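Taking it in order: structure first as structure tokens, then the write-up.
Values in this document were obtained by computation on a predicted structure and should not be read as measured data. If you read the sequence from its start, that first residue is 1, and numbering goes on from there.
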Amino acid sequence: MIVWTIQPYKVYQKIMDEGIFFCNPELSINLKDDHDFSRAYHWMIQQMIKQIGPSNKKDTYPIWAWYRSRDYQHRRPDFRWVKDYPDEVCIELEIPEKKVLLSDFQGWRIILTPRVMKNGIVKKNGSII
């Protein structure tokens, strides 16, 4: 399956130098500084484990990637509408389908809005209903 991810240029350099890259949560602003995002991200990791099994590498985090563009076509999305990193690059990945968990990013992200969080959609143990 072909997917695309936006990463800082240094990730691209690491892939070119070492041929592999793993997400380092210590370098992720969202995982370090946003408790709600971190909790929701860990929920997504649990869904991945249920659907595709645990990672081959212990204590790794999934890499977000896009399967289709904003118009729902399977093609490289136009990332000019968002700027996550000042030196970002779009990296095309080919991953076995059985190793990919497709999700609705906007639907997942809405859970993180303060109103939804306030209304008790997220349980105390971190699971999202």
Side-chain angles (χ1 to χ4, degrees):
M1 176 180 293
I2 302 293
V3 295
W4 298 271
T5 184
I6 295 295
Q7 299 292 331
Y9 185 73
K10 64 184 171 186
V11 169
Y12 171 77
Q13 289 175 313
K14 184 174 180 83
I15 293 170
M16 291 294 100
D17 293 343
E18 300 176 19
I20 196 164
F21 164 72
F22 293 99
C23 176
N24 181 346
E26 295 301 316
L27 298 177
S28 171
I29 293 169
N30 288 329
L31 288 172
K32 275 191 337 189
D33 300 335
D34 186 336
H35 177 70
D36 293 331
F37 181 91
S38 179
R39 187 169 45 180
Y41 199 86
H42 282 90
W43 176 85
M44 184 63 81
I45 292 170
Q46 293 306 311
Q47 302 313 302
M48 290 183 74
I49 291 169
K50 288 178 187 175
Q51 295 292 320
I52 62 178
S55 173
N56 294 336
K57 184 171 172 30
K58 188 176 170 37
D59 299 326
T60 58
Y61 281 65
I63 296 171
W64 286 101
W66 299 89
Y67 174 71
R68 56 186 177 194
S69 62
R70 292 179 88 177
D71 64 0
Y72 300 101
Q73 301 298 311
H74 182 245
R75 65 175 173 233
R76 182 181 58 83
D78 180 354
F79 291 108
R80 292 177 292 182
W81 59 275
V82 64
K83 193 80 164 166
D84 292 326
Y85 311 100
D87 62 344
E88 68 186 20
V89 294
C90 177
I91 302 171
E92 184 175 288
L93 306 169
E94 185 169 2
I95 302 172
E97 198 168 321
K98 64 183 180 182
K99 291 289 190 182
V100 174
L101 175 66
L102 294 177
S103 65
D104 177 348
F105 179 75
Q106 296 304 330
W108 176 83
R109 186 77 179 160
I110 194 73
I111 296 298
L112 300 177
T113 62
R115 180 180 172 162
V116 173
M117 299 289 286
K118 182 180 172 185
N119 290 330
I121 300 300
V122 179
K123 295 180 181 178
K124 281 189 175 183
N125 68 4
S127 63
I128 299 174
I129 57 171

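When the side-chain contact (heavy atoms from CB on, under 4.5 Å) test is applied to K57, the partners found at least two apart in sequence or on another chain are F22, S55, T60. The side chain to side chain donor-acceptor pair (under 3.5 Å) search around E92 returns W4, not counting sequence neighbours. Qualifying side-chain contact (heavy atoms from CB on, under 4.5 Å) partners for I63, counting only residues two or more places apart in sequence or in other chains: T5, Q7, F21, C23. Residues satisfying the side-chain contact (heavy atoms from CB on, under 4.5 Å) criterion with P96, sequence neighbours excluded, are K98, K99. In this structure, the side-chain contact (heavy atoms from CB on, under 4.5 Å) partners of P8, at least two apart in sequence or on a different chain, are K10, V11, Y85, D87.
The list of salt bridge (charged side-chain N to carboxylate O under 4.0 Å, His left out) pairs with a residue in residues 47-56, not counting sequence neighbours, is empty.
Summarising the geometry, atom CD belonging to E97 is positioned 7.0 Å from atom OH belonging to Y67; distances are rounded to the nearest 0.5 Å. Residue W66 holds its CH2 atom at 14.0 Å from CG of L93, rounded to the nearest 0.5 Å.
Crowding of Q51 atom CD: a count of heavy atoms from other residues, nucleotides or ligands under 6.0 Å not exceeding 12.
Looking at Y61 and H42, their side chains come closer than 4.5 Å, going by heavy atoms from C-beta outward.
Follow the hydrophobic side-chain contacts under 4.5 Å out from I20 and you never reach M16; the two are in separate clusters.
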